[in-house]
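Here the structure is a predicted model, which is why all the values come from computation and not from measurement.
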Amino acid sequence: MIAALALAVGCTGNPSPDRSGDADQAPSGVLAVKVDNVTPARPQTGLAQADVVYAEQVEAGLSRLMALYATRLPPAVGPVRSARETDLRLLRQFDEPVLAYSGSQSRLRPLIEAAPLRAESPGNRPEAWYRSDDRPAPHNLYLRPGRLVDGPAGREALTAAGFREGPAPSGGEPEPERTVRFPSARFTFTWSAERGGWLLETDGRPTTDGGRQLAPPTVLVQYVTVRESGFEDRGGNRTPFSETVGTGTADLLRDGKVWPVRWQRATAADGTRFTTEGGAPVNLADGQVWVVLAAR
């Protein structure tokens, strides 16, 4: 589900040099990029540099990613695809976030325009986008983050939303592997002591960026209510909405172990608090975090 682009965006081939610091760029909060995750879109570019990656369910039970950048910006990210209602609710946790996306369903646009974020699509700033010539549309649209924002927002943008780094909780049970299933997609995380992270496979194949398999040190499987939204794609498939405000359970995967934890987010403007069953705040390992929004 992607809005048709009325004009050609950028160029084809590899991205040209970054132009961070252009005078017309405003300071911004965390950069969120909607990333395609179907088979023709893989391997993706720029996922390895993301601080947080959300995996959410979309139409037909497939998956899509939202990659958040707060401490560093890669030269390119993509393929970039369209936004969903779930994204708007998730991003309320952050102060003045930037949402980079390819487009949206026309009925969703008023919600995007009303949301407290800076929405950026190819029509707004075409010099920040390009199309690759190594794969077919719509799986070939890429973003140059340095032409969209003036620099990383900083670690505090994530900490304020609940992403705290620090020592692991006490206890925990050994967990060598975890698979999380959507109706038409699956993520498998296998602990690697050598990498100090969870080797990621998507739909049974290694998830790579630049030829190297991703291995996030922390995975949060957040169990949420997934219901039909008021939107649908061109084929008539209803868009799922993942409810991330409220309370529920989650599984924390780090250091080759699993901890059952709880999550709480009182309002959309609040960050998500992950706590032990005893109520103590949960710390994450240093490095990338994947949050998989699984149906409870």
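Both L47 and F189 belong to a single network of hydrophobic side chains, linked directly or stepwise wherever heavy atoms of I, L, V, M, F, W or Y lie under 4.5 Å apart. M66 and L284 fall within a single hydrophobic cluster, where Ile, Leu, Val, Met, Phe, Trp and Tyr are joined by side-chain heavy atoms under 4.5 Å apart, directly or via other members. With hydrophobic clusters built from ILVMFWY side chains whose heavy atoms lie under 4.5 angstrom apart, V245 does not share a cluster with L117. Residue L158 is grouped with residue V289 when hydrophobic side chains (ILVMFWY) are merged at heavy-atom distances under 4.5 angstrom, including chains of intermediate members. The hydrophobic clustering, which links ILVMFWY residues whose side-chain heavy atoms are closer than 4.5 Å, places W198 and V180 together.
Remark: R144 does not engage E127 in a salt bridge, criterion side-chain N to carboxylate O under 4.0 Å. Salt-bridge formation is detected for the pair E243/R89: a Lys NZ or Arg NE/NH1/NH2 atom is positioned less than 4.0 Å from an Asp or Glu carboxylate oxygen. One finds a salt bridge joining D203 and R42 here, because a Lys/Arg side-chain nitrogen approaches an Asp/Glu carboxylate oxygen to under 4.0 Å.
Panel note: side chain T45, backbone A76; no donor-acceptor pair is recorded below 3.5 Å. Listed for the T159 side chain is no donor-acceptor partner under 3.5 Å among the backbone atoms of R164. Checking side-chain atoms of N283 against main-chain N and O of P167 turns up a donor-acceptor pair under 3.5 Å. Between the D51 side chain and the A70 main chain, a donor and an acceptor come within less than 3.5 Å of each other. A distance-only check finds a donor-acceptor pair linking the side chain of R135 to the backbone of A41 [under 3.5 Å]. Not one N or O on the side chain of W263 forms a donor-acceptor pair closer than 3.5 Å with the backbone of G246.
The line from OG of S82 to CG of L141 is 11.0 Å long, rounded to the nearest 0.5 Å. To the nearest 0.5 angstrom, T247 atom OG1 is 12.0 Å from R273 atom CZ.
Between R125 and E120 the shortest side-chain heavy-atom distance falls below 4.5 Å. Considering only heavy atoms from C-beta on, E177 stays 4.5 Å or farther from E201 through its side chain. Counting heavy atoms from C-beta on, the side chains of L65 and Q44 come closer than 4.5 Å. Side-chain contact check for V292 versus F182: some heavy-atom pair is nearer than 4.5 Å. Side-chain contact between V80 and V33 is present, with heavy atoms from C-beta onward closer than 4.5 Å. Looking at heavy atoms from C-beta onward, L199 lies out of side-chain contact with P206 at the 4.5 angstrom threshold.
Defined by atom type and a distance below 3.5 Å, a donor-acceptor pair is present between the side-chain atoms of T188 and T179. There is no side-chain donor-acceptor pair under 3.5 Å between Q213 and T208. Side-chain contact annotation: T207 with T202, donor-acceptor N/O pair under 3.5 Å present. Side-chain contact annotation: E59 with T239, donor-acceptor N/O pair under 3.5 Å present. Judged purely by distance below 3.5 Å, without hydrogens or angles, the side chains of R131 and N140 pair a donor atom with an acceptor atom. Between the side chains of D251 and Y223, at least one donor N or O lies within less than 3.5 Å of an accepting N or O. No donor-acceptor contact under 3.5 angstrom links the side chains of D270 and Q264, judged on distance only. Side-chain contact, S229 with R84: no donor N or O sits under 3.5 Å from an acceptor N or O.
The number of heavy-atom neighbours closer than 6.0 Å to CZ of R205, taken from other residues, nucleotides and ligands shown, is 12 or below. Within a 6.0 Å sphere centred on CZ of R212, other residues, nucleotides and ligands contribute 12 heavy atoms or fewer. Around atom CZ of R181, no more than 12 heavy atoms belonging to other residues, nucleotides or ligands sit under 6.0 Å away. Shown here is R195, whose CZ atom has more than 12 heavy atoms of other residues, nucleotides or ligands within 6.0 Å.
Within the structure, ring-ring contact (aromatic ring centres under 6.0 Å, His included) contacts touching residues 51-94 (residues at least two apart or in different chains) do not occur.
Taking all atoms of both residues into account, the shortest heavy-atom contact from P217 to Q288 is CD-O, 3.2 Å. The shortest non-hydrogen separation linking G29 to A153 is C-CB, 3.4 Å. Closest approach of K257 to G171, counting heavy atoms only: NZ-O, 3.5 Å. Minimum heavy-atom separation, R81 to P138: CD-O, 3.6 Å. Across S242 and V224, no two heavy atoms sit closer than the pair CB-CG2, 4.0 Å. Residues L108 and L88 share a closest heavy-atom pair of CD1-CD1, 4.2 Å.
Aromatic ring centres of F274 and F163 lie farther apart than the 6.0 Å criterion allows.
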Carefully, step by step, assess S102 and W129 under the rule side-chain contact (heavy atoms from CB on, under 4.5 Å).
-> CA-CA 10 Å; S102 66; W129 305 81; 5.7 Å; no

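Among L31, L148, N124, the one residue that satisfies the side-chain contact (heavy atoms from CB on, under 4.5 Å) test with R118 is L148.
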